[in-house]
Amino acid sequence: MEIAKTYNPKAAEDKWYPYWMQHKFFKSEPDSREPYTIVIPPPNVTGVLHMGHMLNNTIQDVLIRRARMLGYNACWVPGTDHASIATEAKVVALLKEQGINKKDLTREAFLKHAWDWKEKYGGIILEQLKKLGASCDWDRTRFTMEEDLSEAVIDVFIDLHNKGHIYRGVRMVNWDPAGLTAVSDEEVIYKEVNSKLYYVKYKIENSDEWITIATTRPETILGDTAVCVHPDDERYKHLKGKRVIIPMVNRIVPIIFDTYIDLEFGTGALKVTPAHDINDSNLGVKHNLEVIDTIAPDGKMSAEAKFYIGEDRFIVRKKIAADLEEMGQLVKVEDIKNKNGYSERTNAVIEPKLSMQWFLKMDKISKPALENVLNENIHLIPEKFINTYKHWMENVHDWCISRQLWWGQQIPAWYDGKGNTTVCKTKEEAFAKLRMQNVELRIEDLKQDEDVLDTWFSSWLWPITVFDPKVIKNGKANANADLKYYYPTNDLVTAPEILFFWVARLIIAGYEYMDAKPFTNVYLTGIVRDKQGRKMSKSLGNSPDPLDLIEKYGADGVRVGMLLCSPAGNDLMFDESYCEQGRNFANKVWNAFRLLQGFEVSDKIEQLQANKTAIEWFGNKLSEQLEIINDNYSKYRMSEALMLTYKLVWDDFCAWYLEMIKPEFVDGKSLPIDKATYAASISYFESLLKIMHPWMPFITEELYHLINERKEKDCIIVAEWPKQSAVNSKQLAEFEASKEIVTTVRNLRQQKQISPKEKLELIEKSDTQNSFFDEAVIKLANLSALKYSKEKIEGAHSFMVKSTEFFVPLAGSIDAGAEKERIAKELEYNHGFLKSVQIKLANERFVQNAKPELIELERKKQADAEAKIKALEEQLKTL
RNA sequence: GGGAGUUUAGCUCAGCUGGUUCAGAGCAUCUGCCUUACAAGCAGAGGGUCGGGGGUUCGAACCCCUCAACUCCCACCA
């Protein structure tokens, strides 16, 4: 069979993913095994795969694949999030292209469009995940706005409302006067702009005195309901209890005192406009101020303003400044820089606006979520996030859960138009309830709250409702078999950006509704950045399309590339060259296979001692490394585990083991290999494939089948994770010593820089008796690390090795002096080491304070060093 | 403004309790080599005052202080 020199990833990808699906290897049902569960952080339905998803989901897939191989009942639940804001924006934009304005549609008609859109494009990202090799149980795919899941959200709202955790109140929102909608904080872009600071004087009531305030927004003067100064400000202490007259409108308002004021800024006096500034609003609540809304939703002055009605706020700003100047109340104007919020979508200046919203009280409900992270019931990985988490949880503010959108779960609150409200599931229920307060109520008059719930208010139930959406309704005692079996899940892999938005709330909901944590470990990935450290984003255009990368380097290559540069919790500076490295690795593995499969096996030949040594060595090496790899997995040090795997395969297996067992090449033909060595090699290769499988699922599956005949369901994806056996460290050490010698030989060859052809000529001419040659090779033979025994080598003038790597006889010789020098160096080193250990042991403080086992360790180090020195000295004598 | 984090070779990062197997890895670079599994390869080499300064200690990449740069989160200044 002719096998290509380079690995072709595409064929394996197209072949194995469907095969795995067909044999239901991803499927999971409750059984007697221990479960290992991950629920996917649901990507937005609107989303297309970006590098962040790529990283995230690769890590999850690695974890789940390894768990599967370790014999757990591995279950990875996929799904998508309805993402109200993002999706609604997309749908609105799409409709606009078709000439349809959202305002002209009824809620039902709009939702129909939205669902159509979701059906058409909503599955894209999940299809993309399959290309990556994600081994999700696709039969469990969920969507946060599915009927049952939505019902659970509504039930939770009602339940929390009944428990008194949900209330309705007035809050400042970011209002987009162009889009005529509230937008979330995330959709506000702050930009530094040049603006003007106007100093305006207000007259003190019943006095000739004036107070000067500084403002960037004079148009809001019409809505002022107080002037605020710092209680410690000597300039204004005498004004306690006084009132001021607002210019133009001549309203008389109090002077209030609050430490919120910055003494240094402006004049130290602040005009308070509770309707149009978030801080002023807070002050207003605190000091019980009147709220006068002078700016209409479209950004023009409202009737309440009394002046400039119907004119845009920016025009009014100029006009009022002129008018104030005319009245002699404008003291001066300064140029300053400040930050303005702009709407991400319309680029209009955001207007803070008060509106009625629903809130969830966070104080009580969040307690267990804090405790259980602090007591490590739930691990945050890396731990540095615990601090941030703690800080946030100790300062939680109530969560605004209503959104002025249509796409999402509509709030189950009902109004009778007469000021009566009730919260319940159905219109009929609401009617029955409100009827008691309002006997004349007709069911047609009943109105449901227009707003929908925040997306996070549905996704915070995700690890619960993906298994049993009805559990909220039925109570956790009546949870279905799935939920009982899979909950709590094991790992959550997500981005640190949403630690508060989502992770904290998942934990809260977990304790509130299941009385148990939703997961044990939270692995927080880094943010994928480009080489310049910029976050990868579509708007910057600096993000490669992951699917292009897969096309170019293969899914395995991209997975390896991604994880090679992703330390837990640190951002990763992604560069395509990592994928190249991943691809190269896949190719290396492919070629190791090509070598193995090309061997001619013979049961007639004896197994060489050198092969026995090599087999023993690699067995030890494999066990040694496997243990370290497993340990790194258990600490979620993914890139470390990957690098160790990489080196085990490339350096230890390919560069050393295979070179050693590779038969000699004689007369243009490779000699056959003995059966035992071949069998051992295949078995090792198989173990390595298994260890590589979580990282590189496709190539390993492909090779697993090429290397041996397999039954239909005998696939590496469900193969058993290799077990390590006892490690003979003495043999490992011996081998390391042999490697050193071989390296010395290589170095000598390097000095001459000869090509293989020249080398052959040299060999023929060379005198094998030259001293260097004997020395190096005799050592090798003695250590039996290599197959070329002294006799064999001495006997063969045409000596030479198979694939060149190990020895080349050289004209010229190694001088004994070099060896002496080397030993002398080593001696010096060991003396130094010994000295440092002795100092440590002589240090009273160390001896008194250190743990006994630590001291024991130091003593052992001391003894070892002494022995080593002795041995080296002996060696020096013999030279 | 509040909080957290980072700073170690050209790049991306390891460095557990302060000590000599600790100054490391991978990649990149440079030099040789078309070699019979693999040039997507092989062999070798060169790269670092561990951000700056100070301190504690017999001893500091590691602990303390300080300065600087960068990043993130939260709140946003009238």
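Within every chain, numbering begins at 1; the chains are lettered A, B, ... in the order of the sequence lines, protein sequences first and strands thereafter. Bear in mind the structure is a predicted one, so any value in this text is a computation, not a measurement.
More than 12 heavy atoms of other residues, nucleotides or ligands sit less than 6.0 Å from atom CD of A:Glu334. Remark: A:Glu383 CD is loosely packed, at most 12 non-hydrogen atoms of other residues, nucleotides or ligands lying under 6.0 Å away. For A:Arg859, the CZ atom sits in a loose shell: 12 or fewer heavy atoms of surrounding residues, nucleotides or ligands are nearer than 6.0 Å.
A:Asn584 places its CG atom 13 Å from the C1' atom of B:A28, with the value rounded to the nearest Å. To the nearest angstrom, C1' of B:G3 lies 14 Å from NZ of A:Lys384. The separation between A:Asn174 atom CG and B:C76 atom P is 9 Å, rounded to whole Å. Between A:Glu600 atom CD and B:A37 atom C1' the separation is 16 Å, expressed in whole Å. Separating the CD atom of A:Glu383 from the P atom of B:A4 is a distance of 16 Å, rounded to the nearest angstrom. Atom CG in A:Asp280 sits roughly 11 Å away from atom P in B:A78 (whole-Å rounding). Between the C1' atom of B:G3 and the CD atom of A:Glu497 lies a distance of 18 Å, rounded to the nearest Å. Atom pair A:Lys390:NZ and B:G2:C1' shows a separation of 15 Å (rounding to whole Å applied).
Which of B:G3, B:C38, B:A14 sits closest to the side chain of A:Arg637 comes down to B:A14. Listed nucleotides B:A75, B:A43, B:A37 differ in distance to A:His397; the shortest reach to its side chain belongs to B:A75. Closest to the side chain of A:Ile261, from the set B:G3, B:G19, B:A78, is B:A78. Nearest nucleotide to the A:Thr6 side chain, out of B:C77, B:G26, B:A40: B:A40. In the set B:G41, B:A4, B:C77, B:A4 carries the atom at the smallest distance from any side-chain atom of A:Asn387. Here the nucleotide nearest the side chain of A:Asn591, chosen from B:C76, B:A37, B:G19, is B:A37. In this structure, of B:A78, B:A40, B:A25, it is B:A40 that holds the atom nearest to the side chain of A:Arg583. Checking B:A14, B:G26, B:G41 against every side-chain atom of A:Glu640, the shortest atom distance belongs to B:A14. Nearest nucleotide to the A:Lys840 side chain, out of B:C38, B:G19, B:C77: B:G19. Distances were taken from every side-chain heavy atom of A:Leu595 (C-beta onward) to each of B:A37, B:A78, B:A40; the shortest belongs to B:A37.
Comparing the same atom, C1', in B:A23 and in B:U49 gives a spacing of 12 Å after rounding to whole Å. Rounded to the nearest Å, the gap between the P atom of B:G59 and that of B:G18 is 16 Å. Straight-line distance between the P atoms of B:C73 and B:G32: roughly 49 Å, to the nearest whole Å. Annotation: B:G44 and B:A68 have their P atoms spaced 47 Å apart (nearest Å). Taking atom P on both nucleotides, B:U29 is separated from B:U66 by 43 Å, rounded to a whole Å. Spacing between B:A61 and B:G53 at atom P, rounded to whole Å, works out to 13 Å. B:G47 and B:A25: their C1' atoms are spaced 14 Å apart (whole Å). As rounded to the nearest Å, B:C63 and B:G19 have C1' atoms that lie 14 Å from one another.
With its glycosidic angle within 90° of 0, B:G47 adopts the syn conformation.
Ring pair A:Trp650/A:Tyr646 is tilted by interplanar angle, where 30° to 60° counts as tilted.
Both A:Phe585 and A:Gln581 lie close to RNA chain B; mapped to their nearest nucleotides by heavy-atom distance, the more 5′-ward contact belongs to A:Gln581.
A:Leu658 CG to A:Leu596 CG: the interatomic distance, rounded to the nearest 0.5 Å, is 5.5 Å. A:Ile661 contributes atom CD1, which lies 6.5 Å from atom CG of A:Leu595 (distance to the nearest 0.5 angstrom). The structure places CD1 of A:Ile629 at 9.5 Å from CG of A:Leu642, a figure rounded to the nearest 0.5 Å.
Between A:Glu640 and A:Lys635 there is no salt bridge, since none of the side-chain N atoms of the basic residue sits less than 4.0 Å from a carboxylate O of the acidic one.
Between the A:Arg317 side chain and the A:Arg313 main chain, no donor and acceptor come within less than 3.5 Å of each other. Panel note: side chain A:Asn395, backbone A:His391; a donor-acceptor pair is recorded below 3.5 Å. The main-chain N or O of A:Arg217 is found under 3.5 Å from a side-chain atom of A:Thr215 such that the two form a donor-acceptor pair.
Among the atoms of the strands shown, none is found under 4.0 Å from any heavy atom of A:Cys228. If you check every strand for non-hydrogen atoms under 4.0 Å, A:Leu499 touches nothing. Counting non-hydrogen atoms under 4.0 angstrom, A:Lys647 reaches the backbone sugars and phosphates but no base. Within the 4.0 angstrom heavy-atom criterion, no nucleotide atom of any strand lies near A:Asn395.
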At a cut-off of 3.5 Å, list every protein nitrogen or oxygen paired with a nitrogen or oxygen from nucleotides 8-10 of chain B, distance to 0.1 Å.
none

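Using a 4.5 Å cut-off on side-chain heavy atoms (C-beta onward), A:Lys10 and A:Glu551 make contact.
An OP1 or OP2 oxygen of B:C42 is reached within less than 4.0 angstrom by a side-chain nitrogen or oxygen of A:Trp650. For B:C42, the OP1/OP2 oxygens have a side-chain nitrogen or oxygen of A:Lys588 closer than 4.0 Å. Not one side-chain nitrogen or oxygen of A:Tyr198 sits closer than 4.0 Å to the OP1 or OP2 atom of B:A78.
The nearest pair of heavy atoms linking A:Tyr7 to A:Ala586 is CD2-CB, 4.0 Å.
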Q) Once Watson-Crick and G-U wobble pairs under 3.5 Å are found, how is RNA chain B written in dot-bracket notation, 5' to 3', with | for any base paired to another strand? A) (((((((..((((.....[....)))).(((((.......))))).....(((((..]....))))))))))))....
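Taking 3.5 Å as the limit, the base of B:C38 and the side chain of A:Lys5 contain no donor-acceptor pair of atoms between them.
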